[in-house]
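Worth knowing before you read on, the calculation uses all heavy atoms, side chains too, and leaves out hydrogens, waters and symmetry mates. We count residues from 1, following the sequence as given.
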Amino acid sequence: MGHDRTVQVTRCGRIYIGRLIINLSTVFAGRHAGTRESADRVWLDSLMQYYLGFFGQEENRVESAGPNAFAAKVLAVSSV
């Protein structure tokens, strides 16, 4: 997983890319997150081997990068 840069998540759960402020979560405080520009003014944020989401400067928010690796697994219940 390649990054343009690695940044440390602040105590309040943010990362800074120049003047951009991206709010992630205080859960990641102190960790190093990777970020790379995937399209013009769109950044892909990741932590370890997990993609956290895309940050769009126009929308100023993080959108899901696909299936959430941190989500609880739900098993289907059959009616027997």
Chi angles and distances behind the side chain to side chain contact (heavy atoms under 4.5 Å, CB included) call for Leu20, Phe55: CA-CA 10 Å; Leu20 286 177; Phe55 176 79; 4.0 Å; yes
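In this structure, the separation between CZ on Arg14 and CD1 on Ile21 is 6.0 Å, given to the nearest 0.5 Å. Taking CD of Gln8 as the start and CD1 of Ile15 as the end, the distance is 11.5 Å to the nearest 0.5 Å.
Side-chain contact check for Arg11 versus Thr26: every heavy-atom pair is 4.5 Å or farther apart. At a threshold of 4.5 Å between non-hydrogen side-chain atoms, the residues Arg5 and Ile17 count as touching.
Nearest heavy atoms, Thr6 versus His32: CG2-CB, 3.7 Å.
Each of Val9, Ile22, Val7, Thr10 was evaluated against Tyr16; a single residue qualifies, Thr10, per the side chain to side chain contact (heavy atoms under 4.5 Å, CB included) test.
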